[in-house]
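Here's the structure we're looking at; comments come further down.
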Amino acid sequence: MIYNKPAISIDDQISLLQDRGLEFESIQIAKKYLAHISYYRLAGYWWPMYEDKVNHNFKPNSKFKDVVALYNFDHKLRMLLFDVIEKIEISFRTKLIYHLSIELDPWWFADSENFSDEADHKKTLASIKREINRSKDQFIRAHKEDYHEDTRLPPAWKTLEVASLGSLSRLYGNLKGNIRSKKNIARELGAVNQTYLPSWLHSISQIRNICAHHGRLWNKNLPTTVKLLPKPKRAWIKQVPEANEFKHLYVHMCVMKYLLNIIDPTNSFGAKLNCLMKEYQRNVDPNALGFKENWVKEELWRTKKSSFEVFTKVKVALCDFWNK
């Protein structure tokens, strides 16, 4: 089959959606949205509104304003997670650079002897080299100028500062098990041993990439899974999702919160997430993200006392008031 559908104007896009049953309160406002957010980007948010997913006919009372609300919710969720992931990434990056450089040497990441899968290490190292070549950071430029006779990559504390979280995750996961730092890093991040942390990092890396490319998180089946600790030593959840629920975002956010509680014990992730869910409670089905009932009461999601506590309580109260 050959694709032969022509491009259509914004006016025709709106007419098509109307013919299929989507309701618009203001055509002018809809035009402004479609002029800045593409038809197919928004399509991911109106897809569940279809009654007939073959002919793309909408359920009764499907409204464009609800599509926009879901889009805005998803945007705010990405921004919240991006902030959380940044803290986790920086902490992990710091520990990886420090522990391995002290135990081995400053160029441990380039030595295939430190890794179990030589082919995978070669692929990861090639990716890191591309990242170094693309880097515009002054400290990388200065290193190349000052040590131009040294054909090696800069040492770990320079090279791995510009490496992607995906590259760092693959380096860590591929480290040989007899390297002490692999277990020490896992313990410091609450993962007990190196069995679990690689899957957490892989999950977070993929979600980070979705956030960085403005992809949809709401109602999305994630392509990765996570290994959960059978007996976590720190606060965790009582209502643990089943394996078939790992495609949803909630369990992955639980892993992020578990790590963040170690890195930043007085973090406000739970309060901010709760406020966001309350702000869009009329539009967002928690089940589409895999949330468990009363998730906010789980010990994992409770915010420890801090100077931020009063602010977050007031903000959640305001969210409740606005949504009454």
Side-chain angles (χ1 to χ4, degrees), residues 80-103 160 163-208 211 222 224-243 245-246 248-274 290-292 295-306 308-309 312:
L80 174 59
L81 293 189
F82 211 50
D83 180 61
V84 170
I85 292 170
E86 178 186 23
K87 292 181 175 67
I88 296 171
E89 178 179 345
I90 290 173
S91 175
F92 170 65
R93 187 188 302 272
T94 299
K95 293 180 183 298
L96 190 68
I97 293 170
Y98 176 77
H99 285 292
L100 273 298
S101 297
I102 293 294
E103 180 181 352
L160 299 189
S164 68
L165 178 58
S167 293
L168 299 177
S169 173
R170 290 191 296 274
L171 280 178
Y172 176 82
N174 195 19
L175 283 168
K176 289 182 176 177
N178 61 352
I179 295 176
R180 294 191 309 275
S181 295
K182 188 173 186 180
K183 183 177 290 186
N184 291 338
I185 291 169
R187 285 176 175 171
E188 288 186 14
L189 290 174
V192 182
N193 59 52
Q194 64 265 37
T195 302
Y196 302 93
L197 187 56
S199 78
W200 298 2
L201 295 170
H202 183 56
S203 159
I204 292 169
S205 177
Q206 289 197 328
I207 293 169
R208 184 199 182 283
C211 293
L222 297 172
T224 187
T225 187
V226 286
K227 293 181 179 180
L228 300 183
L229 293 167
K231 296 180 180 179
K233 293 188 176 181
R234 296 174 178 268
W236 186 235
I237 50 177
K238 292 181 179 179
Q239 289 185 292
V240 180
E242 300 293 334
E245 297 176 287
F246 286 10
H248 296 307
L249 185 63
Y250 174 67
V251 69
H252 301 268
M253 290 194 293
C254 288
V255 169
M256 292 182 203
K257 186 67 164 69
Y258 184 85
L259 289 167
L260 192 61
N261 285 349
I262 296 168
I263 297 165
D264 179 11
T266 59
N267 70 84
S268 57
F269 181 21
K272 289 179 179 178
L273 182 59
N274 186 31
F291 277 94
K292 294 293 185 180
W295 66 272
V296 76
K297 295 181 180 179
E298 292 272 16
E299 185 182 1
L300 172 74
W301 288 102
R302 294 175 189 164
T303 302
K304 292 189 176 182
K305 290 184 178 181
S306 71
F308 193 79
E309 184 178 35
T312 53

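When a residue number appears, it is its place in the shown sequence, counting from 1. This one's a predicted model, so the numbers in the text were calculated from it and none came from an experiment.
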* Going by the angle between their ring planes, with limits at 30° and 60°, are Y250 and F291 parallel, tilted or perpendicular? -> tilted

* Measure from the side-chain N and O atoms of E103 to the backbone N and O of S181, and report whether any donor-acceptor pair falls under 3.5 Å. => yes

* Take atom OH in Y98; do more than 12 heavy atoms of anything else shown fall under 6.0 Å from it? -> no

* L228 and V251: side-chain contact (heavy atoms from CB on, under 4.5 Å), yes or no, with the steps? -> CA-CA 9 Å; L228 300 183; V251 69; 4.0 Å; yes

* Asked: Are any of the side-chain heavy atoms of W236 and E299 separated by less than 4.5 Å?
  -> no

* T94 side chain to I90 main-chain N or O, any donor-acceptor pair under 3.5 Å? -> yes

* For K257, look at atom NZ and say whether over 12 heavy atoms of other residues, nucleotides or ligands are found less than 6.0 Å away. => yes

* **Main-chain N/O of K95 paired to E188 side chain as donor or acceptor, under 3.5 Å** => no

* Asked: What's the shortest heavy-atom distance between G190 and L229, and which atoms?
  -> O-CD1, 3.5 Å

* Could you tell me whether a side-chain N or O of T225 sits under 3.5 Å from a main-chain N or O of F246, the two making a donor and an acceptor? => no

* **pair R170-S167: side-chain heavy atoms closer than 4.5 Å** => yes

* Asked: Do F269 and N274 have side chains that get closer than 4.5 Å, going by heavy atoms?
  -> no

* To the nearest 0.5 Å, tell me how far Y196 OH sits from Y258 OH. => 11.0 Å

* Main-chain N/O of A271 paired to S268 side chain as donor or acceptor, under 3.5 Å -> no

* **Beyond-backbone contact of F92 with L165, side-chain heavy atoms, under 4.5 angstrom** => yes

* Between CZ on residue R180 and CD1 on residue I185, distance to nearest 0.5 Å -> 12.0 Å

* **Residue pair I88 / I263: nearest heavy atoms and the distance that separates them** => CA-CD1, 3.7 Å

* Of all heavy-atom pairs between W295 and G270, which one has the smallest distance, and what is that distance? -> CH2-O, 4.1 Å

* To do: Measure from the side-chain N and O atoms of R302 to the backbone N and O of K297, and report whether any donor-acceptor pair falls under 3.5 Å.
  => yes

* Asked: Is any side-chain N of the basic residue among K292 and E245 closer than 4.0 Å to the acidic one's carboxylate O?
  -> yes

* Asked: Does any non-hydrogen side-chain atom of V84 lie less than 4.5 Å from one of N267?
  -> no

* Asked: Does any non-hydrogen side-chain atom of H252 lie less than 4.5 Å from one of T224?
  -> yes

* After noting the C-alpha distance and the side-chain angles of L175 and Q194, does the key distance pass the side-chain contact (heavy atoms from CB on, under 4.5 Å) rule? -> CA-CA 10 Å; L175 283 168; Q194 64 265 37; over 6 Å; no

* Structure fact -> Interatomic distance, CD1@I204 vs CD@E89, rounded to 0.5 Å, equals 10.0 Å

* Distance, nearest 0.5 Å, that separates CG of L201 from CG of L96 -> 9.0 Å

* Closest heavy-atom contact between P241 and I237? -> CD-CD1, 3.8 Å

* Asked: How long is the span from the CG atom in L300 to the CE atom in M253, to the nearest 0.5 Å?
  -> 11.0 Å

* To do: Flag the pair L273 / W301 as yes when at least one side-chain heavy-atom distance between them is below 4.5 Å, and no otherwise.
  => yes

* Atom CD in E86, atom CG in L81: separation rounded to 0.5 Å? -> 13.0 Å

* Donor-acceptor under 3.5 Å (E298 side chain, K238 main chain) -> yes

* Asked: Between R93 and A163, is there a donor-acceptor pair closer than 3.5 Å when you use the side chain of the first and the backbone of the second?
  -> yes

* To do: Could you check if a side-chain atom of T266 sits within less than 4.5 angstrom of a side-chain atom of D264, using non-hydrogen atoms only?
  => yes

* To do: Answer yes or no: is there a donor N or O on one side and an acceptor on the other, between the side chain of K227 and the main chain of L197, under 3.5 Å?
  => no

